[in-house]
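All remarks here apply to the structure that follows.
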Number of protein chains: 2
Amino acid sequence: MSKKDAILQAATRLFSEKGFKETSIAELSKATGAAEGTIFYHFKNKEDIFLCILEDTRNRVVEEFERYLEEEKFDTGLEMIEGACSFYFFLAGTMGDQFLLLHRRHPHELAEVNPVCREHLEAIYNSFVNGFERAILLGQKDGSIRKMSSKKIALIIFSMVDGLVRFKTYNLYDAGALHKEFMELCHSMLQKK
Amino acid sequence: MSKKDAILQAATRLFSEKGFKETSIAELSKATGAAEGTIFYHFKNKEDIFLCILEDTRNRVVEEFERYLEEEKFDTGLEMIEGACSFYFFLAGTMGDQFLLLHRRHPHELAEVNPVCREHLEAIYNSFVNGFERAILLGQKDGSIRKMSSKKIALIIFSMVDGLVRFKTYNLYDAGALHKEFMELCHSMLQKK
DNA sequence: TAAATTAGACTGAGCATTCAACCGGTTTTT
DNA sequence: AAAAACCGGTTGAATGCTCAGTCTAATTTA
């Protein structure tokens with residue numbers, strides 16, 4: 001792995017675990033074995049590191065989620081949305097650091113003043129919300145999902161799965177064990193009566 | 001209002017809007033008109049300010065939520081849980097700053113090393129989760145709510161409402177307009193078939 | 001040989017916290 | 001009644017530390 005990649009990887013971990021402001025360049029240097037100068041050789045400043053991480057995250061998240069929806073076969077829209085939720089949980093597990101980072105306030109605050117950051121964030125969220133909505137529209141067509149604004153359902157479902165993931169990272173309760181029940185409740189909430 | 005209260009109030013706003021680390025004492029001093037020395041006369045350090053805020057928040061949140069469940073009359077457990085969700089949204093609106101603060105990572109990180117902080121946080125979360133669970137148990141007794149581990153339903157419902165509130169604070173989408181639909185979905189998800 | 005990397009000294013800014021002094025009102029002493 | 005001591009609250013300058021970012025001169029790598 002190139003030094004630049006090593007820096008990005010260590011920064012992802014540190015920023016997500018400790019926070020952007022709370023991570024110093026000295027610390028990052030120590031964690032990677034790279035000299036401080038090297039870090040500034042590859043990145044123009046600390047914020048630039050963060051934006052690179054966000055770009056990587058965006059590319060990977062969007063690509064993996066789209067591919068999942070593309071390649072997987074679903075009999076109904078309802079099954080598709082259940083699959084999408086499960087895949088979200090799965091991604092949150094395999095890309096733990098990145099999701100942790102997205103759940104921090106920092107990216108959202110930066111997005112308010114930095115259009116590049118904003119663009120990445122929106123791409124990520126839109127990818128999920130649009131994927132959910134596609135599933136819902138499909139389900140409403142094939143009769144497996146109730147009639148209600150697809151956009152609104154998509155947003156609510158997204159806030160739910162995301163809420164559960166977040167809950168787990170704060171681990172006040174054992175939220176990881178809720179997966180099965182969540183899927184069941186989700187099912188009966190969407191299903192046409 | 002005493003100077004001390006003014007400091008607490010301004011700190012609540014600043015910590016929630018900008019973050020703990022990102023708010024300097026100089027800034028807090030400017031915002032309140034109090035000299036920096038005055039702040040340290042009333043509080044032993046910056047963290048102490050934070051803990052005072054958390055204590056206030058805990059007292060108010062817990063008291064208001066318990067009182068609501070106590071005084072309000074509900075015909076069924078299902079109605080009670082719907083009321084509890086609505087009240088959560090209501091509280092998140094009237095106590096905007098405090099909820100914003102609770103949604104930051106800082107209190108949860110501090111809780112890992114500071115037992116006082118941990119105690120406050122747990123009291124707040126337990127108050128909500130237990131309130132939800134009481135409603136669910138009632139609903140399961142009166143037949144308005146499906147059979148499933150009450151604890152798990154309570155956690156899922158809590159992560160849902162909390163997810164929606166957080167979603168709103170990040171305002172990537174107009175999550176405030178989802179209230180009606182959320183309640184409807186919530187209803188059909190819990191209801192006995 | 002050109003690009004990448006190192007160690008580390010340095011700058012300048014920002015920051016939490018400290019501290020000696022001060023103020024206005026109340027009580028105590030003379 | 002005048003003077004002195006007292007006290008909670010307040011002030012803002014001073015202190016010492018951390019940190020992002022710069023710079024250099026030397027070394028390694030490809």
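Just so it is clear: chains get the letters A, B, ... in the order the sequence lines come, proteins before strands, and each one is counted from 1.
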Separation of D:dG21 atom P from A:Ile25 atom CD1, nearest Å, is 6 Å
For residues B:Phe128 and B:Tyr125, establish whether the separation of their ring centroids is below 6.0 Å. no
Atom NZ of A:Lys46 and atom C1' of D:dT22: how far apart are they, to the nearest Å? 17 Å
Can you tell me the distance, in whole Å, between the CG atom of A:Leu14 and the P atom of D:dA20? 12 Å
Backbone of A:Phe158 reached by a side-chain donor or acceptor of A:Asp162 within 3.5 Å: no
Whole Å only: how far is the NZ atom of A:Lys44 from the C1' atom of D:dT22? 16 Å
In whole angstroms, how far is the C1' atom of C:dA13 from the CD atom of B:Glu22? 17 Å
Give the rounded distance in Å between these two atoms: CZ of B:Phe40 and C1' of C:dT18. 9 Å
Does B:Glu133 offer a backbone N or O that forms a donor-acceptor pair with the side chain of B:Lys151 under 3.5 Å? no
Do NZ/NE/NH1/NH2 and the carboxylate oxygens of B:Glu184 and A:Lys152 come within less than 4.0 Å? no
When rounded to whole Å, the CD to P distance for the pair B:Glu47 and C:dA16 reads 13 Å
B/S/- contact track for nucleotides 4-10 of chain C, protein heavy atom under 4.0 Å: SBBB---
Rounded to the nearest 0.5 Å, the CG atom of A:Leu102 sits from the NE2 atom of A:His108 at a distance of 7.0 Å
Charged N to carboxylate O under 4.0 angstrom, A:Arg104 versus B:Glu109? yes
Rounded distance in Å - NZ (A:Lys21) to P (C:dA13): 16 Å
So what does B:Thr23 hit on the nucleic acid, given a heavy-atom distance under 4.0 Å: a base, only sugar-phosphate, or nothing? sugar-phosphate
